[in-house]
Amino acid sequence: MGYIHLSEDGTRIFVDRPSGFLLEGEHERYLAMAQETFCPPAEKTLKKSSGLPADLICPEGGGTMVLRRGAYGVFFGCGRFPRCWCTLPLVEGTCQLLQINGMALYTVSRPCWKCGQTLRVRSYFPYFDLIQWLPGVEEPLQPLEAIRLSILPQLDAYLEQHCENIAERYSKTAGFSYTANLCPRCDMLQGS
Ligand SMILES: [Zn+2]
Ligand SMILES: [Zn+2]
């Protein structure tokens, strides 16, 4: 299990081994799990932490890895090509980017639907982080759209400990536990 910590201002989550939960082929599983409930947030209402540079450095010569499109899809290749032929699969490169830059913790303030108390609803969306850093790869990264609160157990457990309104709840109707935002005043679920 990876080591996780929030940045000082609490807006970014760093994970030392993101590949542990973003293995190739697992995107589809996350997608299947979340397909029923995932609803893309309205981007305007999201308060993002500042975007970060996301350069991947070539392991062989210090060049910057850039996105290329080949016969088998999108991959990272050394910017010094053809002097350097180093490449990196897309999944591995995106995992490294999250490792370097962390994952933004998105926050939106809104009233509790039940009691009206203003509260902060938080979640993470690696997909939004990555397409912001890597314009043009929306399509190959699309399965990541499904990844948000309640999908990555390690991050959820961490956020439950560090964010006052995030907690695990058991759903009798669904028959499983999930992590969600709760109202601090009336304890009502505010969704994931
Ligand atoms: Zn290189
Ligand atoms: Zn409430």
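Indexing begins at 1, ligand by ligand and atom by atom, following the structure's order.
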Student check: side-chain heavy atoms of [X] and [Y] closer than 4.5 Å:
X: R122; Y: L149; value: no
X: L144; Y: L130; value: yes
X: T94; Y: W133; value: no

Hey, could you give me the CD1/OG distance between I166 and S150, rounded to the nearest 0.5 Å? 10.5 Å
Measure up the F128 and F125 rings against each other and bin them: parallel (under 30°), tilted (30 to 60°), perpendicular (over 60°).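 Perpendicular: the ring planes of F128 and F125 meet at over 60°.
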Need one value: angle at the Zn ion (ligand 2), C112 atom SG versus C115 atom SG, rounded to 10 degrees.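 Output for this angle: 110°, rounded to tens.
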Within a 6.0 Å radius of atom OH on Y72, are there more than 12 heavy atoms belonging to other residues, nucleotides or ligands?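 At most 12 heavy atoms, drawn from other residues, nucleotides or ligands, come within 6.0 Å of this atom.
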The protein N, O or S atoms lying under 2.8 Å from the Zn ion (ligand 1) are C58 SG, C78 SG, C84 SG
